[in-house]
Amino acid sequence: MLRALRSEVEPAIEETLADLGFPTDDLGIERPPADVDAVLATSVAYRLAGEAGAPPSAVAADIADTLGEHDLTYVGSVEAEGAYVNILPGERYYADTLAAAQEEGYGRLPDRGTDLVLEHTSANPTGPVHVGRARNPIIGDALRRLLDFAGYDVETHYYVNDAGRQIAVFTWAYETFEEDALPEPERDSPEYEMVRYYRKGNEYLEEADPEAVEAAEAEVQAILQGLEAGDEGTYERVGGVVDTVLGGMQDTLDRLPAPFDEFVRETRFMRDSSTDDVVARLKDTDYAVKEEGAWQLAFEDIEKNLVFLRGDGTSLYTTRDLAHHEWKLDTFDEAVTVLGEDHKLQARQLEATLDLLGHDTDRLRTVHYSWVTLPDGGMSTREGTGIDLDDLLDEAVDRARAEVERRVGDRVRNDQLTEADIERIARQVGVGAVRYDIVAKQPTKGITFEWERALDFEAQSAPYIQYVHARACGILAEAGEAGAGADPDRLVEPTERALLETIARLPTVVEESAAALEPHAVATYTRDLAEAFNAFYRECPVLDADPERRAARLALVRAARTATANALFVLGVEAPTSM
RNA sequence: GGGCACGUAGCUCAGUCCGGACCAGAGCGUCGGACUUCUAAUCCGACGGUCGAGGGUUCAAAUCCCUCCGUGCCCGCCA
């Protein structure tokens, strides 16, 4: 409802400023601090004071007077406070918020008619998903939900690296080494079984005697050449390894969950000759140079050249990625990619090159995140260092289960949790806590992984928000979900008003977070919402209130439940009906 | 060496893009308090900060600009 209020207030302020003879290029609209009763404000008077030749407070008073004469649906009053003009909501604002938020899809924005492709994770299919990479699917999946909620038609892609040297090494190793020479797999799952060959192969290439390494390298090269030449047999050999590992990785990602609409293979752009096509066009550009036999682009404002064709005439990962992105831009209206911070330079070069090829690169946006590291260093699939995402999720669920069981004994609420309930809650809380911990932070900040911190179930974590949802569900279950015909005018307590005002912000939060590609802002919002609900919960009994109030408060609880559920949905955190 | 990020209470963070009610907010931890009352995974209170340092712009700077310091990432005819 804040969106509706804002969209009627903005033109009114603009008109007001014009009437008073002021410029209207900056309306100075902002959200007032918590201790101010307004839901919207403008500080424009500061900037106009000089022009008006009057103190800011006098200008603010003028603006408030003129603005107050407008007939605005959702505005109760306009008040000048110092240099600020504060917009206070009217009864209609609360009433419409209460009604809107009880609808199932509250917070969802209208369809924009924009096809957007979201690429995330895209980890090389070499082994188990580890925590160092886990930020990618968690941020990625939150973006999928957020953009979908904000009205985009989102298609999610995992770009599969099935053409690189690592995969060639993997295929060679898988075909070369016997299983009995390998350690026991850490888990009974394909990617854990397969990664042993990958590690063994890399170890061999580093430690075997030079002649043996040379022979092995020749086999690896043969695989790479086979792919480049479009040899079907080679595709099949490599594809078998890739599919097996990817299948296992997908099972892990499903636990988050992080679903994909399509797994786009890199070899696709070699086979359909679009990579050759890109190369041909790049050679024709003014920035193309041939140095030491290799074709490259020499950018004006990027230090490093981009090699797009090797001296031996074969393409590089980057070249194929260019073909990949041309396809994205041809097929979709917008493209968003979630990448690690190590890809920043490449992302810049990619964009510059696409720009060079005549594409509108404003349609392409990238979200970069910093690594999750261990206290004593990074994580690596090849070296087998790091925490597997499966282990983290298992541990999280185990700890959550222990917590649920500990609470069953001194449970105040008179309900019976079955074994299935306990398992459900443990999974929702455990996985939710991991997701929330990661999605609530700005992606650009580095995270050092520590078990205790990642699995803290106290306030400012997923369970804190989930608990609010469970409480709301509990009240509604007790009340039998009745309460139609609620009179919003009965909601006059400060905590009731504050809760409604917070609920009213959800669509704005969705809109702004989606525009900025910042799901963490939704997480910040969920905390405000949970705090507002808890304050209301403390001050306002629902079930024992007199009939009129009870009906109104039940409606408010229902609205809060929907807002909480939907905000959690956007984050990809499940909303338990009981805890 | 160059480029790009990040630096806010003891710890983990929000606020920084778009300067304004910020003499800066949470949570954890510490200390104290609230379950015969709709779920105490909750709530209330106390303690805790020269917003990395310095300079500049501005009526106004955590927020913009510059310099420096610290940390991370990148600088391959790898992916």
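All values below were derived from every heavy atom in this structure, side-chain atoms included, with hydrogens, water molecules and symmetry-related copies excluded. Convention: sequence-line order gives letters A, B, ...; per-chain numbering from 1. Please read all numbers here as calculations on a predicted model, not as lab measurements.
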Student: Could you tell me which residues satisfy side chain to side chain contact (heavy atoms under 4.5 Å, CB included) with A:E531, sequence neighbours excluded, listed by chain and number?
Tutor: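 Only A:Y464 meet the side chain to side chain contact (heavy atoms under 4.5 Å, CB included) criterion with A:E531.
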
Student: Counting N and O atoms only, with roles assigned by atom type, does the side chain of A:D162 sit under 3.5 Å from a partner on the main chain of A:T267, one being a donor and the other an acceptor?
Tutor: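 Yes, because the side chain of A:D162 sits within donor-acceptor range (under 3.5 Å) of the backbone of A:T267.
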
Student: Is any NZ, NE, NH1 or NH2 atom of the basic residue among A:R427 and A:E574 found under 4.0 Å from an Asp or Glu carboxylate oxygen of the other?
Tutor: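 Judged by the 4.0 Å cut-off on N to carboxylate O distance, A:R427 and A:E574 do form a salt bridge.
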
Student: Rounding to an integer number of angstrom, what distance separates B:G48 and B:A9 when you compare their C1' atoms?
Tutor: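 B:G48 and B:A9 have their C1' atoms separated by 6 Å.
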
Student: For A:R538, which residues count as a side chain to side chain contact (heavy atoms under 4.5 Å, CB included) partner, sequence neighbours excluded?
Tutor: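 Side chain to side chain contact (heavy atoms under 4.5 Å, CB included) check on A:R538 returns A:A535.
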
Student: Using whole Å, report how far CD of A:E531 lies from P of B:A41.
Tutor: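 Value for this atom pair: 17 Å.
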
Student: What I want to find out is whether A:R165 reaches A:E217 closely enough, with some N-O distance under 4.0 Å, to be called a salt bridge.
Tutor: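 So A:R165 pairs with A:E217 through a salt bridge.
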
Student: Rounding to a whole Å, what distance do you find between A:Y537:OH and B:A34:C1'?
Tutor: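 Atom OH in A:Y537 sits about 14 Å away from atom C1' in B:A34.
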
Student: Looking at A:K445, I'd like to know whether one of its side-chain N or O atoms comes within less than 4.0 Å of OP1 or OP2 on B:G7.
Tutor: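 A:K445 to B:G7 OP1/OP2: side-chain N or O found under 4.0 Å.
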
Student: Does OP1 or OP2 of B:C44 have a side-chain N or O of A:R538 closer than 4.0 Å?
Tutor: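 Answer yes for this pair, as a side-chain N or O of A:R538 is under 4.0 Å from OP1 or OP2.
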
Student: Could you tell me whether A:E518 and A:K441 make a salt bridge, using a distance below 4.0 angstrom between a side-chain N and a carboxylate O?
Tutor: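 Result for this pair is no, no salt bridge flagged.
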
Student: Could you report the tightest heavy-atom contact between A:A163 and A:M270, atom names first, then the distance?
Tutor: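 Between these two residues, the closest heavy atoms are CB-SD, 3.7 Å.
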
Student: So what does A:D301 hit on the nucleic acid, given a heavy-atom distance under 4.0 Å: a base, only sugar-phosphate, or nothing?
Tutor: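 Nothing: the residue A:D301, judged by heavy atoms under 4.0 Å, touches no strand.
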
Student: Can you check whether A:G132's main-chain N or O pairs, donor with acceptor, with A:H130's side chain at less than 3.5 Å?
Tutor: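 The answer is yes, because a donor-acceptor pair under 3.5 Å joins these two groups.
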
Student: Could you work out the separation of B:U67 and B:C28 based on their C1' atoms and round it to a whole Å?
Tutor: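 The same atom, C1', in both gives a distance of 36 Å.
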
Student: Using the C1' atom as the reference point in each nucleotide, state the distance between B:G19 and B:G56 in Å, no decimals.
Tutor: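 Roughly 15 Å separates the two C1' atoms.
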
Student: Under 3.5 Å, is there a donor-acceptor pair between the side chain of A:S578 and the main chain of A:A470?
Tutor: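 Between the backbone of A:A470 and the side chain of A:S578 there is no qualifying donor-acceptor contact (under 3.5 Å).
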
Student: Give a yes-or-no answer on whether the side chains of A:Y436 and A:T526 include a donor-acceptor pair shorter than 3.5 Å.
Tutor: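 Yes.
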
Student: Which of these nucleotides, B:A21, B:C43, B:A41, is closest to any side-chain atom of A:N534?
Tutor: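 Side chain of A:N534 sits closest to B:C43.
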
Student: Between A:N86 and A:E539, which residue's closest nucleotide on RNA chain B lies nearer the 5′ terminus?
Tutor: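 On the 5' side of the pair lies A:N86.
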
Student: Mark yes or no for whether A:R550, through its side chain, and A:D544, through its backbone, hold a donor-acceptor pair below 3.5 Å.
Tutor: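 Answer holds: no.
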
Student: Is it the case that the side chain of A:N136 and the backbone of A:V338 share a donor-acceptor pair, with hydrogens and angles ignored and the cut-off at 3.5 Å?
Tutor: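 Checking the backbone N and O of A:V338 against the side chain of A:N136, a donor-acceptor pair under 3.5 Å is found.
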
Student: Using the P atoms only, state how far B:A24 lies from B:U37, rounded to an integer number of Å.
Tutor: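 Straight-line distance between the two P atoms is 40 Å.
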
Student: Closer than 4.0 angstrom, basic N to acidic O: yes or no for A:E496 and A:R549?
Tutor: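 Looking at A:E496 and A:R549, the cut-off is not met.
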
Student: Figure out the OH/P separation between A:Y436 and B:G27, and round it to whole Å.
Tutor: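 Taking atom P of B:G27 as the reference, OH of A:Y436 is at 13 Å.
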
Student: Under 4.0 Å, heavy atoms only, any strand: does A:V429 hit a base, just the sugar-phosphate, or nothing?
Tutor: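 If one applies the 4.0 Å heavy-atom cut-off, A:V429 turns out to touch a base.
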
Student: Near RNA chain B, which residues from residues 24-38 of chain A have a heavy atom under 4.0 Å away?
Tutor: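 Hits under 4.0 Å, by residue number: A:E30, A:P32, A:P33, A:V36.
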
Student: Just call it for A:V404: base, sugar-phosphate, or nothing, with non-hydrogen atoms closer than 4.0 Å on any strand.
Tutor: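 Here A:V404 touches the bases of the nucleic acid.
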
Student: What integer number of Å spans the C1' atoms of B:A60 and B:C68?
Tutor: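 Approximately 26 Å lies between the C1' atom of B:A60 and that of B:C68.
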
Student: Under 4.0 Å, heavy atom to any atom of RNA chain B: which of residues 45-53 of chain A qualify?
Tutor: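 Going residue by residue through residues 45-53 of chain A, the ones with a heavy atom under 4.0 Å of RNA chain B turn out to be A:Y46, A:R47.
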
Student: Whole angstroms only, please: what is the CD-P distance between A:Q460 and B:C43?
Tutor: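 My rounded result for the distance is 11 Å.
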
Student: Rounded to the Å, how far apart are A:L339 CG and B:C4 P?
Tutor: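 Nearest whole value for this atom pair: 19 Å.
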
Student: Run through RNA chain B and report every stem of 3 or more consecutive Watson-Crick or G-U pairs, distances under 3.5 Å, ordered by first number.
Tutor: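 Stems (3+ consecutive pairs) listed as B:1-7 with B:69-75, B:10-13 with B:25-28, B:30-34 with B:42-46, B:52-56 with B:64-68.
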
Student: Taking A:E191 for the side chain and A:L246 for the main chain, is one N or O donor matched with an acceptor at less than 3.5 Å?
Tutor: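 No; judged by distance alone, with no hydrogens or angles, the pair does not exist.
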
Student: So which one's nearest nucleotide on RNA chain B is more toward 5', A:T444 or A:D544?
Tutor: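 It is A:T444, whose closest nucleotide lies nearer the 5' terminus.
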
Student: Assign A:T314 to base, sugar-phosphate, or nothing according to its heavy-atom contacts below 4.0 angstrom with the strands shown.
Tutor: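 Result for A:T314 = nothing.
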
Student: Tell me if the side-chain of A:E403 makes a donor-acceptor pair with the base of B:A41, cut-off 3.5 Å, by modelled atom types.
Tutor: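 Counting by modelled atom types and ignoring angles, no donor-acceptor contact under 3.5 Å is found here.
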
Student: What distance, rounded to whole Å, do you find between the two C1' atoms, one in B:C31 and one in B:G15?
Tutor: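 My reading of the C1' atoms in B:C31 and B:G15 gives 28 Å.
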
Student: Just how far, in rounded Å, is P of B:C4 from CD of A:E351?
Tutor: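 Nearest whole value for this atom pair: 15 Å.
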
Student: Any idea which of B:U42, B:C38, B:A41 is nearest the A:I425 side chain?
Tutor: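 Ranking B:U42, B:C38, B:A41 by closest atom to the A:I425 side chain puts B:A41 first.
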
Student: Over all strands shown, is A:L517 touching base, sugar-phosphate only, or nothing at heavy-atom distances under 4.0 angstrom?
Tutor: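 No contact.
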
Student: Sticking with atom P, work out how far B:G52 lies from B:G7, rounded to a whole angstrom.
Tutor: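 Approximately 8 Å lies between the P atom of B:G52 and that of B:G7.
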
Student: Across the strands shown, which category fits A:H368 at heavy-atom distances under 4.0 angstrom: base, sugar-phosphate, nothing?
Tutor: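 No contact.
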
Student: Quick one: A:R527 CZ to B:U42 P, roughly how many Å, whole number?
Tutor: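 The answer, rounded to whole Å, is 13 Å.
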
Student: Do A:T318 and A:Q349 get their side chains close enough for a donor-acceptor pair, meaning under 3.5 Å?
Tutor: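 Checked: A:T318/A:Q349 side chains show no N/O donor-acceptor pair below 3.5 Å.
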
Student: Can you check each nucleotide of nucleotides 69-79 of chain B against protein heavy atoms at under 4.0 Å and return B for base, S for sugar-phosphate only, - for none, in 5' to 3' order?
Tutor: ---SSSSSBSB

Student: Between B:C38, B:C13, B:A40, spot the one nearest the side chain of A:K441, thanks.
Tutor: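 It is B:C13.
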
Student: Would you kindly say whether A:Y287 and A:E300 are connected by a side-chain donor-acceptor distance under 3.5 Å?
Tutor: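 Yes - a donor-acceptor pair under 3.5 Å links their side chains.
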
Student: Quote, to the nearest angstrom, the P distance that separates B:A61 from B:G54.
Tutor: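 Per the computed distance, 15 Å lies between those P atoms.
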
Student: Using a 3.5 Å distance criterion without hydrogens, assess whether the side chain of A:Y158 forms a donor-acceptor pair with backbone atoms of A:A123.
Tutor: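 Such a contact is found between A:Y158 side chain and A:A123 backbone.
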
Student: From OH of A:Y464 over to C1' of B:A26, roughly how many Å is that when rounded to an integer?
Tutor: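 Roughly 10 Å, once rounded to whole Å.
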
